[in-house]
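Just so it is clear: chains get the letters A, B, ... in the order the sequence lines come, proteins before strands, and each one is counted from 1. Predicted model only: the values in this text are computed from it and were never measured.
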2 protein chains.
Amino acid sequence: MPSPLPTEAELSILQVLWQRGPSTVREAHQALETSRAVGYTTVLKLLQIMTEKGLVTRDTAQRAHVYEAAVGEDAVQQHLIHTLLDQAFGGSAKKLILQALSVKESTAEELDEIRALLDEIERRS
Amino acid sequence: MPSPLPTEAELSILQVLWQRGPSTVREAHQALETSRAVGYTTVLKLLQIMTEKGLVTRDTAQRAHVYEAAVGEDAVQQHLIHTLLDQAFGGSAKKLILQALSVKESTAEELDEIRALLDEIERRS
DNA sequence: GGGTATGTACGAAGTGTTTCGTAATTAATA
DNA sequence: TATTAATTACGAAACACTTCGTACATACCC
């Protein structure tokens, strides 16, 4: 069964796990606190909920349980984009990309990388 | 004051208004019903809430009020992308674009259009 | 061993979203 | 004019998300 789309708070925790790797509640809490105020038990509760949803797994061998992301960052990003594509862009990836390019300045290097990928896609087809 | 980000249900209604232009509740309801089951008063209530939020305006001159989108499709799309960029892509438009390209097949024409925009951006800078 | 710190579990409140039923009002029709 | 149809307004239920307080269990330290 496919993992559900993480909520906003869940996503912020996944970001930490993707960056840090397997982490205890305390570690995740400390990492999160640098960007936003959040209580320790709030993080704990979220991780428990995310375990039920299958977004993370946990190792209960030690007293302080260790949580690990059960979904990949790429998979979640693609899921999010797919949803956004359907809900707001009529399924047109082109529109989404054009908007993304206009929203945020990209460096010349980034633009080149995008162009390179375009070339590769076209070559494959 | 800036318009809030529309919720999922609100976005589905905005899509209708962007496509149809100013519409009565009945018209919006009929258009929505083709894609998902939803009650008439549900659409009405949503439009009333959206009026309070400033997402739509309404003309009450006739008995059947006429609702019109008060936010542009482009503006909402950019707002959504900006939020997604922050929440799931660490602010990197490049990453988002690369993922979007891999999520959905684009036609050669679309790829060319994207490439043209890349060129234009690079020329401007 | 007794007290402090650290951890998990659980319940519940607060908020926002979505949905629709019901009542009241206005227009159309027989 | 009386009935029916269409419309708006309003309240509230159902659900999900987020947050945290409290209770309880476990480890550590003097």
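For dT8(D), its base never sits under 3.5 Å from the side chain of Arg63(B) at any donor and acceptor pair.
For Lys53(A) and dC17(D), the shortest distance from a side-chain N or O to OP1 or OP2 is below 4.0 Å. Taking side-chain N and O atoms only, Gln48(A) has a distance below 4.0 Å to OP1 or OP2 of dA9(C). Applying the 4.0 Å criterion to OP1 and OP2 of dT8(D), one finds that Tyr40(B) has a side-chain N or O inside that range.
Comparing dT19(C), dT18(D), dG7(C) by their closest approach to the side chain of Ala9(A) singles out dT18(D). Of the candidate nucleotides dT18(C), dT19(D), dG7(C), dT19(D) has the atom nearest to the side chain of Leu46(A). Of all nucleotides listed (dT18(D), dT19(C), dA6(D)), dT18(D) comes nearest to the side chain of Glu8(A). With dT18(C), dT8(D), dT18(D) as the candidates, the nucleotide lying closest to the side chain of His65(B) is dT8(D). Taking only side-chain atoms of Thr7(A), from C-beta outward, the nucleotide of dT7(D), dA9(C), dC17(D) with the closest atom is dC17(D).
The closest donor-acceptor contact from the side chain of Ser12(A) to the backbone of Ala9(A) lies under 3.5 Å.
For the pair Thr41(B) and Ile49(B), nearest-nucleotide mapping onto DNA chain C gives the more 5' position to Ile49(B).
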Just do the salt bridge (Lys or Arg N to Asp or Glu O under 4.0 Å) check on Glu68(B) and Arg58(B) with the steps written out, would you? CA-CA 6 Å; Glu68(B) 180 173 8; Arg58(B) 73 169 159 185; over 6 Å; no
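A donor-acceptor pair shorter than 3.5 Å can be found between the side chains of Gln78(A) and Ser102(B).
Using a 4.0 Å cut-off between a side-chain N of Lys or Arg and a carboxylate O of Asp or Glu, Glu110(A) and Lys95(B) do not qualify as a salt bridge.
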